[in-house]
2 protein chains.
Amino acid sequence: MAVTIVDVARVAGVGVGTVSRVLNNSEAVKESTRQKVLAAIAELNFSPDPIARSMITRRTGTVGVIMPFVTRFFGSEVLRGLINAATKQGYELVIYNVEDNKQREHYFLKLPMLRRVDGLIIVSLSPEEAIAQSFHKNNLPTVVLDGYSPLLTSIVVNNVMGAYQAVKHLIDKGHRRIGFINGIVEGSFKFNQANDRLIGVHMALSDAGIEYDPSLMLETEWNRAGGRSAAKQLLESPEPPTAIFASSDVQAVGVLEAARNHGLLVPLDLSVIGFDGVELSEIMELSTIQQPMQLMGELGFTKLLNQIENKTNEVELIRLETALVERKTTAAPLSAVN
Amino acid sequence: MAVTIVDVARVAGVGVGTVSRVLNNSEAVKESTRQKVLAAIAELNFSPDPIARSMITRRTGTVGVIMPFVTRFFGSEVLRGLINAATKQGYELVIYNVEDNKQREHYFLKLPMLRRVDGLIIVSLSPEEAIAQSFHKNNLPTVVLDGYSPLLTSIVVNNVMGAYQAVKHLIDKGHRRIGFINGIVEGSFKFNQANDRLIGVHMALSDAGIEYDPSLMLETEWNRAGGRSAAKQLLESPEPPTAIFASSDVQAVGVLEAARNHGLLVPLDLSVIGFDGVELSEIMELSTIQQPMQLMGELGFTKLLNQIENKTNEVELIRLETALVERKTTAAPLSAVN
DNA sequence: TTGTACGCGTTATCAA
DNA sequence: TTGATAACGCGTACAA
């Protein structure tokens, strides 16, 4: 049916081994025979079957990406960086969407066995130790983005400093009463975004000599509804904050909605700052803490490729820095005018 | 190294053929031996190698998705539907991002040869006739979403009626002077979204007895900057429109920005309606024409699967209907109050 | 009902 | 420098 390496060999009048050598430009092949083979390949419009190739090389040329699609905005940006890097290196990307824990377990357990992918990128998920170990055991190169495992190379942003930047920005504007809407921590990891950000908030307040008020610290879903309801709660409290830092831009948009519902003008009556720096924040003119999302994807793929090709088993923890982006939702509090 | 079907056969004390038969629950296998095999599989924690399997079956269990990632919002929603459907059917999805024409040609030409995917989904791209023919020739099942090819099953929304709905909505509100910001048509296809929407606009105006004013019809990029600059032009014209229909939600957000820059209040001074119904429109409280994006993905995958499994070569053109979603950016014009 | 042997298309080994 | 041949792991005729 399809034209194979054998056909090429026959047409070129050489052995299959020689054709293979030309294909992989390995070892020395006499230039004249090389040309003959090349001519035959062109004539037959032959291209080697990747599957048969995988059979022997035990390489597929594809890497898997496991990510929860719910983090749509953030995840899309990371994915973009991943795809760019993968394409550039001639790799293919297969996406495994995980909406729930069942699916996650499924992929985490199955993928290492099936040698369908040369490596794995895990986004916004922190695999448990047992899982990470099984990756090691099946020596499946793995990199975690926006998540952490002590056994796997992980790339995160400096969440402590990011949160610090956000709160410091508000303090610099003159705010003293600052609400913090954190994201829900999933699982019980020692290391996670939410914890780190809380620490950053704490540090910034402490550095400015502002007393930490637990009643201003809420924890809710990473989405808009979460931000909205948490903000509602904060704004209805006896002593509402003059500024709110939300743990994601989407949450911050929820805060904006809540403010509007309460008849508050942003940034006049309430300053709002988000986290992530997705395109949405730009559209909403939201001040935010910018994460280098595409970079994270590109760097993550590069690190994975190193593991795949160089067999570097070195585990790294890479922290990328965030940047404050001041837009139109943060300003001095009204009280400062008094 | 890895445990193979041979190991299972040895442990179970049967031949490899029997193991294979159990694996594919094909033909009749005596229950007792079936159990023996199953026990051995469990004991060895064996799972068949998909690659070796592909070698024989000439099936990979993966479907390729070619899409321009620039259409982030729209594409993400479609992708989500695709992934859902694919996962449910045990298929994997590999994403090919095309940012420019070179890449597109590359994938269009290479993919059919390499039998890496069982089928192809093309999103927001209309392959040329020659390309579509090559898909047929290599009998690679292909479905086009949000695009069209006469040779391939294509799923689109009814763009004519969608645009009609949008403009009719504005007319019903009392607008007579309506601007239309269309997207740029790429390539020179007889069939495309932009043309169809222009026709819908025309129809709606005509049905209402409103004269068509070409100076109100602009064509620009599908992005925010495009919407903004086109709106600027419309609003600075001697006789500016009281309402603008933009061909995408992202463009519409650009229109919102332009309105703000001109000191116009939406919807008081200017009504704005978009197209797509991405999450952004909800956040911006933008009236819009909703496309069934996830459905498009799911249906597309289902149609592809039919081709893959049933070898149905029937070419369909499926038109999905849009729905008007009225939010807070459309209202009666001020002039109507007079 | 079950076991054996062959073939899928390629790379890798080894002898020539 | 090159050709023949053995893997790679599985499905499937065919024979038993």
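Quick note on labels: first sequence line is chain A, next is B, and so on, each numbered from 1.
- A sub-4.0 Å separation between OP1 or OP2 of D/dT1 and a side-chain N or O of A/Thr33 is absent.
- Applying the ring-ring contact (aromatic ring centres under 6.0 Å, His included) criterion to B/Tyr107, with sequence neighbours excluded, gives B/Tyr96.
- Within the structure, the side-chain hydrogen bond (donor to acceptor under 3.5 Å, both in side chains) test picks out the following pairs touching residues 30-39 of chain B (sequence neighbours left out): B/Glu31-B/Arg34, B/Glu31-B/Gln35.
- Looking at residues two or more places apart in sequence or on another chain, you find a ring-ring contact (aromatic ring centres under 6.0 Å, His included) between A/Tyr91 and A/Phe301.
- Residues forming a side-chain hydrogen bond (donor to acceptor under 3.5 Å, both in side chains) with B/Asp49 (at least two apart in sequence, or on another chain): A/Arg115.
- The phosphate of D/dG11 has neither OP1 nor OP2 within less than 4.0 Å of any side-chain N or O from B/Arg58.
- Partners of B/Glu316 according to the side-chain hydrogen bond (donor to acceptor under 3.5 Å, both in side chains) rule, which considers only residues two or more places apart in sequence or in another chain, are B/Lys303.
- Between A/Arg115 atom CZ and D/dC10 atom C1' there is a gap of 11 Å when expressed in whole angstrom units.
- Summary of helix geometry: the two end axes of the helix from C/dT1-D/dA16 to C/dA16-D/dT1, each defined by five base pairs via their C1' atoms, are inclined to each other by 40° (rounded to 10°).
- Spacing between atom CZ of A/Arg10 and atom C1' of D/dG3 amounts to 16 Å, rounded to whole angstrom units.
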Contact letters for nucleotides 10-16 of chain C, in which S counts primed atoms plus P, OP1 and OP2 and B counts the base, heavy atoms under 4.0 Å: BBB----

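- Side chains of B/Met293 and B/Val278 form a contact here, defined as non-hydrogen atoms less than 4.5 Å apart.
- Residues meeting the side-chain hydrogen bond (donor to acceptor under 3.5 Å, both in side chains) test with A/Glu279, sequence neighbours left out: B/Arg72.
- The phosphate of D/dT2 (OP1 or OP2) has no side-chain N or O of A/Thr18 nearer than 4.0 angstrom.
- Screening residues 4-14 of chain B for side-chain hydrogen bond (donor to acceptor under 3.5 Å, both in side chains) gives B/Asp7-B/Arg10 as the qualifying pairs, with residues at least two apart or on separate chains.
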